Amino acid sequence: MGRYRQRIPNLGDRDMVTNDYAEVTASEEELASHRNRLIHRHIAWLTALRHAMRAKKPWEVFVDHRTNKEWYEKICIPERDNRLEDDLAPLLDAGEFENVMSKTNKAASLLALQSKHLRELKERGLIWEFSFLKLEDLLEEFFTLQGKSERIKNFPYPRHFATIGHDLVRIFILLLPAGIVPEFAEIGKSIEETYPIAGQAFIWIAIPVIVIIAWVFHTMQRIGTSGENPFEGSANDVPISTISRGIEIDMREMNNEPASQIPEQLPTVHNVQM
């Protein structure tokens with residue numbers, strides 16, 4: 001979702017919805033209403049998409065591990081406590097809200113509504129045709145990026161990749177002493193004549209060495225596991241909630257909305273963004 005932030009301001013450009021090419025001019029209040037609907041509908045799309053990305057899937061079990069549960073409970077991602085219906089209702093009118101909630105893919109339905117609205121404005125001359133084409137290109141890109149995010153979310157890596165990697169790391173750690181202890185024993189014998197005490201004790205250094213090497217490989221395996229599902233909601237996942245809130249703040253400020261209507265950025269909990 002990070003790429004969306006680079007292109008969002010074009011959609012909220014206040015200069016694109018004007019009377020410059022309209023045969024029948026609209027009032028400033030109507031133009032402002034159209035701008036607000038476009039911006040709020042786009043915020044609704046971000047909201048629906050992040051809720052879809054945070055939905056729990058059967059294969060997302062990383063946060064269920066004993067060592068991750070504490071972090072998962074501490075950071076408390078907003079999608080876990082807030083319902084999608086409650087987050088979308090203030091952003092859409094009643095008709096659009098009912099239409100969106102009746103669809104399976106709510107984010108895609110919001111982009112469809114956005115495209116329909118832009119076409120209506122173009123047909124009335126409230127959007128220049130070139131601007132309409134540029135905005136439609138943006139919507140097409142949003143569809144593409146949404147599809148990529150959904151594929152990451154809904155189609156995980158085949159389990160044999162993770163299972164084989166996990167088993168091989170365990171086998172490696174179990175066999176590690178058999179490879180290190182004899183070598184350290186030989187090194188100890190080679191220095192025993194010169195340094196008797198150090199030579200006799202050298203084999204015990206194999207223990208911390210084995211522990212460190214085992215920890216490194218175990219940690220690498222866990223890092224790979226945590227990256228398989230980047231929207232799961234753990235402390236190491238992509239902070240899509242914070243990204244979406246940042247985009248919302250930017251768009252509302254560009255729309256010159258009152259400060260009371262602009263939400264604050266989500267807090268960073270224990271140096272973790274949500």
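What you are looking at is a predicted structure, and each value in this text was computed from that prediction instead of being measured. Numbering of residues begins at 1 and proceeds along the displayed sequence.
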Open item on the list: Is it the case that the side chains of Asn105 and Glu150 hold a donor-acceptor pair, with the cut-off being a distance below 3.5 Å and no angle test?
Closed with: yes

TODO: May I ask you to test the Val24-Asn19 pair for a side-chain heavy-atom distance under 4.5 Å?
DONE: no

Open item on the list: Strictly below 4.0 Å, N to O, side chains only: are Glu30 and Arg124 in salt-bridge contact?
Closed with: yes

Open item on the list: Strictly by side chain to side chain donor-acceptor pair (under 3.5 Å), give each pair with a member in residues 92-101 just once, sequence neighbours left out.
Closed with: Arg37-Glu96, Arg41-Glu96, Asn99-Lys103

Task: From Ser33 atom OG to His40 atom NE2, the distance as rounded to the nearest 0.5 Å - done: 10.0 Å

Open item on the list: Counting C-beta onward and ignoring hydrogens, is there a side-chain heavy-atom pair between Leu121 and Met16 closer than 4.5 Å?
Closed with: no

TODO: Please tell me if the side chains of Ile213 and Ile173 come closer than 4.5 Å, counting only heavy atoms from C-beta onward.
DONE: no

Open item on the list: Please determine whether residues Phe217 and Trp215 belong to a single hydrophobic cluster, defined as Ile, Leu, Val, Met, Phe, Trp and Tyr linked transitively by side-chain heavy-atom distances below 4.5 Å.
Closed with: no

Task: Minimum side-chain heavy-atom gap Leu110-Thr47 below 4.5 Å - done: no

- [ ] Can you measure from CD (Glu136) to CZ (Phe143) and round to the nearest 0.5 angstrom?
- [x] 9.5 Å

- [ ] Classify the ring geometry between His42 and Phe142 as parallel (under 30°), tilted (30 to 60°) or perpendicular (over 60°).
- [x] tilted

- [ ] State yes or no: do Phe172 and Met220 share one hydrophobic cluster built from I, L, V, M, F, W and Y residues joined by side-chain heavy-atom distances below 4.5 Å, directly or via other members?
- [x] no

TODO: Check step by step if side-chain contact (heavy atoms from CB on, under 4.5 Å) holds for Lys134 and Leu138.
DONE: CA-CA 6 Å; Lys134 293 293 291 183; Leu138 276 177; over 6 Å; no

- [ ] Would you mind listing the cluster partners of Leu175? Hydrophobic ones only (ILVMFWY), side-chain contacts under 4.5 Å, chaining allowed.
- [x] Ile171

- [ ] Working to the nearest 0.5 Å, report the span between CG of Leu135 and CZ of Arg119.
- [x] 15.5 Å

- [ ] Check Arg35 against Val17 and note the closest heavy-atom contact, atom names and distance.
- [x] NH2-O, 2.8 Å

TODO: Please say which of Arg54, Met53, Arg80 ends up in a side chain to side chain contact (heavy atoms under 4.5 Å, CB included) with Ser241.
DONE: Arg54

Open item on the list: Hydrophobic clustering (ILVMFWY, side-chain heavy atoms < 4.5 Å, transitive) - are Val216 and Ile223 grouped together?
Closed with: no

- [ ] Evaluate side-chain contact (heavy atoms from CB on, under 4.5 Å) for Asn229 paired with Lys57, printing each intermediate quantity in order.
- [x] CA-CA 10 Å; Asn229 302 302; Lys57 297 295 182 181; over 6 Å; no

Task: Ile127 side, atom CD1; Phe132 side, atom CZ - distance, nearest 0.5 Å - done: 8.0 Å

- [ ] For Glu23, look at atom CD and say whether over 12 heavy atoms of other residues, nucleotides or ligands are found less than 6.0 Å away.
- [x] no

Task: Greater than 12 external heavy atoms within 6.0 Å of Glu264's CD - done: no

- [ ] Run the numbers on Leu38 and Leu118 for side-chain contact (heavy atoms from CB on, under 4.5 Å), then give the verdict.
- [x] CA-CA 8 Å; Leu38 289 171; Leu118 290 174; 3.8 Å; yes

Open item on the list: Would you say that Ile152 contacts Phe231 through its side chain, given a criterion of any heavy-atom pair below 4.5 Å between the two side chains?
Closed with: yes

Open item on the list: Please say yes or no: joined through hydrophobic side-chain contacts below 4.5 Å, possibly via intermediate residues, are Trp204 and Ile187 part of one cluster?
Closed with: yes

- [ ] May I ask you to decide if Ala32's main-chain N or O and Asn36's side chain share a donor-acceptor pair within less than 3.5 Å?
- [x] yes

Open item on the list: Can you tell me how far apart CD1 (Ile210) and CD1 (Ile180) are? Round to the nearest 0.5 Å.
Closed with: 5.0 Å

Open item on the list: Do Ile207 and Leu176 land in one hydrophobic cluster if side-chain heavy atoms of ILVMFWY residues count as linked below 4.5 Å?
Closed with: yes

Open item on the list: For Glu120 and His34, which I'm curious about, is there any donor-acceptor pair between the side chains at under 3.5 Å?
Closed with: no

Open item on the list: Distance check, rounded to the nearest 0.5 Å: Gln114 atom CD versus Ile39 atom CD1?
Closed with: 9.5 Å

Open item on the list: Could you tell me if the side chain of Ile243 sits less than 4.5 Å from the side chain of Val238, heavy atoms only?
Closed with: yes

Task: Sidechain-backbone polar pair: Ser244 side chain, Ile240 backbone, donor-acceptor under 3.5 Å - done: yes

Open item on the list: Within the 4.5 Å heavy-atom criterion, are Lys153 and Pro230 side-chain neighbours or not?
Closed with: no

TODO: Considering only NZ, NE, NH1 and NH2 on the basic side and carboxylate oxygens on the acidic side, decide whether Glu248 and Arg252 come within less than 4.0 Å.
DONE: yes

Show me, pair by pair, the donor-acceptor contacts under 3.5 angstrom made by side chains of residues 82-92, not counting sequence neighbours?
from  : atom 1 : to    : atom 2 : distance (Å)
Arg83 : NE     : Asp86 : OD2    : 3.3
Arg83 : NH2    : Asp86 : OD1    : 3.2
Asp87 : OD2    : His51 : NE2    : 2.8

- [ ] With salt bridge (charged side-chain N to carboxylate O under 4.0 Å, His left out) as the test, would you mind laying out the steps for Lys122 and Glu129 before giving the verdict?
- [x] CA-CA 6 Å; Lys122 188 264 295 184; Glu129 288 192 9; 5.2 Å; no

Task: Parallel, tilted or perpendicular: ring planes of Tyr21 versus Trp128, cut at 30 and 60 degrees - done: parallel

Open item on the list: With a 4.5 Å cut-off on side-chain heavy atoms, are Lys56 and Glu232 touching?
Closed with: yes

- [ ] Indicate the atoms forming the closest heavy-atom contact of Glu183 with Gly179, along with that distance.
- [x] CG-O, 3.4 Å

Open item on the list: Tell me whether Glu140 at atom CD has more than 12 heavy atoms from other residues, nucleotides or ligands lying less than 6.0 Å away.
Closed with: no

- [ ] Applying side chain to side chain contact (heavy atoms under 4.5 Å, CB included) between Arg245 and each of Ile247, Thr242, Ile249, report the one that passes.
- [x] Ile249

